[in-house]
Participant: 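Before I ask anything, here is the structure I am working with.
Computed from a predicted model, the values in this text were never measured in an experiment. Atoms within a ligand are numbered from 1 in the order they appear, just like the ligands themselves. Side-chain atoms are counted along with the backbone in the values below, which use heavy atoms only and exclude waters and symmetry mates. Along the sequence shown, the residues carry numbers beginning at 1.
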Amino acid sequence: MIKCVQLSGNWSIGLLKMRQFIITVIGLLLLSGCAANAPKGVTANGQIGAADSIAALKSQYQTLKQESFDKHTIYPTDIYPLIEALPENPRFKVSEVGKSFLAKPIYHIQVGEGNRHVFMWSQMHGDEPTATASVFDLINYIDAPGNQQWFQSWKDELTLHIVPMVNPDGAEQESRFNAQGIDINRDAKRLQTPEGRVLLKLADSIQPEFGFNLHDQNRFYTTGESDKPATISVLAPAFNDEKDLNVARRNAMKLIGLLNDSIQKEHPGNVGRYDDTYSYRSFGDLFSGKGIATTLIESGGHHNDPNRQVARWLTFMMLVQSIDAIAQKQYVNETIAKYEAIPMNQSRGIVDVLVKNVSVGFDKESQDSLENKQYLVDISLNLGRKLDRASIAEIGDISHGNAFNMFDMSGYQLLPIKGFEVSETLTLSTEQYKQLLSQGFSYFIDNDEMLEIATDLPVVKTKQALPERPQLHKPASFLFSKEGKIAVAIINGQRVAL
Ligand SMILES: [Zn+2]
């Protein structure tokens with residue numbers, strides 16, 4: 001059998017060398033007899049999957065990504081109908097591989113007939129759904145009629161094993177934990193969760209060469225010294241305290257180096273690397289020690305991307321590229337230095353909203369009074385897990401802070417925070433709301449649930465009156481005046497012009 005030339009590692013060849021390179025490649029392909037049926041994979045001209053470039057892959061992705069997954073979470077009821085429809089397609093083998101603590105099915109989807117096995121599992125933490133969307137995008141991609149030549153190129157080499165939701169009970173509750181309140185990813189050794197036992201049993205029976213441990217991280221990570229969000233973070237987990245390298249861990253590092261090259265073309269600077277401190281009770285670390293080349297992929301935040309669709313796309317792209325890279329062993333000649341060059345994740349490198357240069361202090365007449373002292377602060381806001389509720393996270397000098405959304409209130413004066421007490425049924429229209437804002441009311445005290453919101457503008461309502469001055473952990477509803485007139489509202493982290 002003729003062995004085809006592998007073209008890995010040459011994605012970023014210099015322009016000057018390009019002509020010579022192309023001539024050499026064509027020559028090599030002709031010599032090896034592979035030109036006509038070379039598998040479509042990641043090649044020197046940027047081919048990825050069945051597409052001839054990342055841009056082409058992306059445009060194909062837009063047409064076949066699983067619809068209705070652009071949302072903040074994915075529930076078991078979102079994926080079960082998709083999985084139940086798969087057995088009609090002979091390409092995919094579906095089995096119920098176990099049940100959750102509350103007896104929800106956990107499914108295992110297989111595709112391909114090769115002797116080399118690749119295992120990917122997602123949503124082990126129920127509130128981390130991004131990669132679940134990506135694996136369904138991948139299933140659609142594998143099944144797309146236009147990609148059959150690509151599928152044929154690896155299906156006799158690899159078998160993919162996908163568990164798209166390890167923790168359905170947690171997913172239903174939008175919780176990290178399973179129904180026992182246990183973090184499944186800290187149960188790899190004690191194995192008290194049925195979900196953890198399912199995962200381990202499957203891994204032991206498959207004996208995969210590569211594994212993809214798919215998670216979400218909090219959106220406040222940035223990369224290295226940059227102010228860029230870590231939209232994707234990666235790790236080849238350690239299997240002992242010494243952080244030794246075995247063949248599997250080296251292979252994971254080499255693969256990650258390759259994948260990172262591609263992401264840098266799409267979103268330069270948005271990839272971070274996790275600390276590789278050994279976690280004895282976590283699955284990635286355990287699998288790494290079992291000789292599974294394990295890649296942790298964590299989806300993270302991006303600007304103007306509340307549902308992490310950028311990370312979803314990048315994870316999909318990484319999985320497609322991994323199939324090629326593993327099938328064709330493109331990672332073999334990579335160095336682990338490329339992996340080590342990926343900047344480390346920085347926690348708390350970015351906040352949701354930063355309101356800068358806020359002048360607080362309401363009575364210029366009586367500045368002697370402690371009550372009325374003027375001061376200048378920056379205020380950072382946290383939008384909560386669902387990004388729908390701004391609370392005050394920090395008050396003070398955050399002048400070097402970094403935020404997904406920033407407002408500079410220089411030249412404005414913060415008004416005393418004043419609530420409108422709802423004492424009878426009130427249907428709040430946009431017009432009415434703006435009137436109340438203009439009168440100095442920035443939120444609603446609605447003890448008896450009598451406020452009906454009929455505006456698309458952000459509204460803050462509480463049961464109790466808020467302090468007049470910004471206070472930590474309280475809801476954020478600010479009105480600012482300029483030259484004595486109420487001019488701008490920042491309500492729930494959003495700017496409302498008045
Ligand atoms: Zn997780």
Side-chain angles (χ1 to χ4, degrees), residues 69 71-76 79 100-101 106 119-136 162-200 202-203 211-221 229-238 252 256 271-288 292 294-302 307-308 310-312 314-316 318-319 344-348 384-387:
F69 279 176
K71 54 185 197 149
H72 84 276
T73 195
I74 294 177
Y75 298 107
I79 68 162
S100 68
F101 191 79
I106 299 170
F119 188 20
M120 42 187 86
W121 61 97
S122 76
Q123 223 166 338
M124 170 196 283
H125 293 137
D127 59 350
E128 299 178 9
T130 305
T132 300
S134 307
V135 298
F136 281 98
I162 304 170
V163 176
M165 187 181 278
V166 176
N167 180 7
D169 295 341
E172 185 167 272
Q173 299 297 322
E174 299 181 37
S175 162
R176 175 182 180 87
F177 306 98
N178 83 339
Q180 298 157 279
I182 298 175
D183 183 336
I184 297 166
N185 205 27
R186 304 290 181 270
D187 190 40
K189 291 285 171 61
R190 192 170 278 177
L191 294 169
Q192 293 303 296
T193 60
E195 299 87 354
R197 289 194 291 270
V198 164
L199 192 63
L200 182 63
L202 197 54
F212 294 88
N213 187 11
L214 304 171
H215 290 254
D216 277 80
Q217 64 187 353
N218 83 49
R219 60 189 175 274
F220 308 123
Y221 282 102
T231 307
I232 291 289
S233 290
V234 289
L235 174 70
I256 291 169
V271 180
R273 182 163 54 99
Y274 259 100
D275 176 271
D276 65 349
T277 302
Y278 174 56
S279 170
Y280 78 97
R281 56 187 182 153
S282 297
F283 275 97
D285 306 58
L286 177 73
F287 287 178
S288 187
I292 302 168
T294 304
T295 294
L296 170 73
I297 301 177
E298 297 265 2
S299 291
H302 203 76
N307 295 333
R308 302 193 175 188
V310 176
R312 171 186 175 182
L314 292 176
T315 300
F316 162 81
M318 292 168 86
L319 295 176
M344 297 301 289
N345 257 2
Q346 301 297 329
S347 62
R348 285 178 282 193
R385 202 175 67 73
K386 293 185 186 175
L387 305 174

Participant: What atom name does the N, O or S atom of H215 nearest to the Zn ion (ligand 1) carry?
Facilitator: ND1

Participant: Under a 3.5 Å threshold, yes or no: a donor from one side chain and an acceptor from the other, between T193 and N178?
Facilitator: no

Participant: If you check every N/O/S atom of E128, which is the one nearest the Zn ion (ligand 1)?
Facilitator: OE1

Participant: Looking at H125, which of its N, O or S atoms is the nearest one to the Zn ion (ligand 1)?
Facilitator: ND1

Participant: Can a side-chain donor-acceptor contact be found between T294 and S288 if the only test is distance below 3.5 angstrom?
Facilitator: no

Participant: When D216 is tested against each of R312, R308, R385, R176 for salt bridge (charged side-chain N to carboxylate O under 4.0 Å, His left out), which residue passes?
Facilitator: R308

Participant: Would a 4.5 Å heavy-atom cut-off, applied to side chains only, mark I79 and Q123 as touching?
Facilitator: no

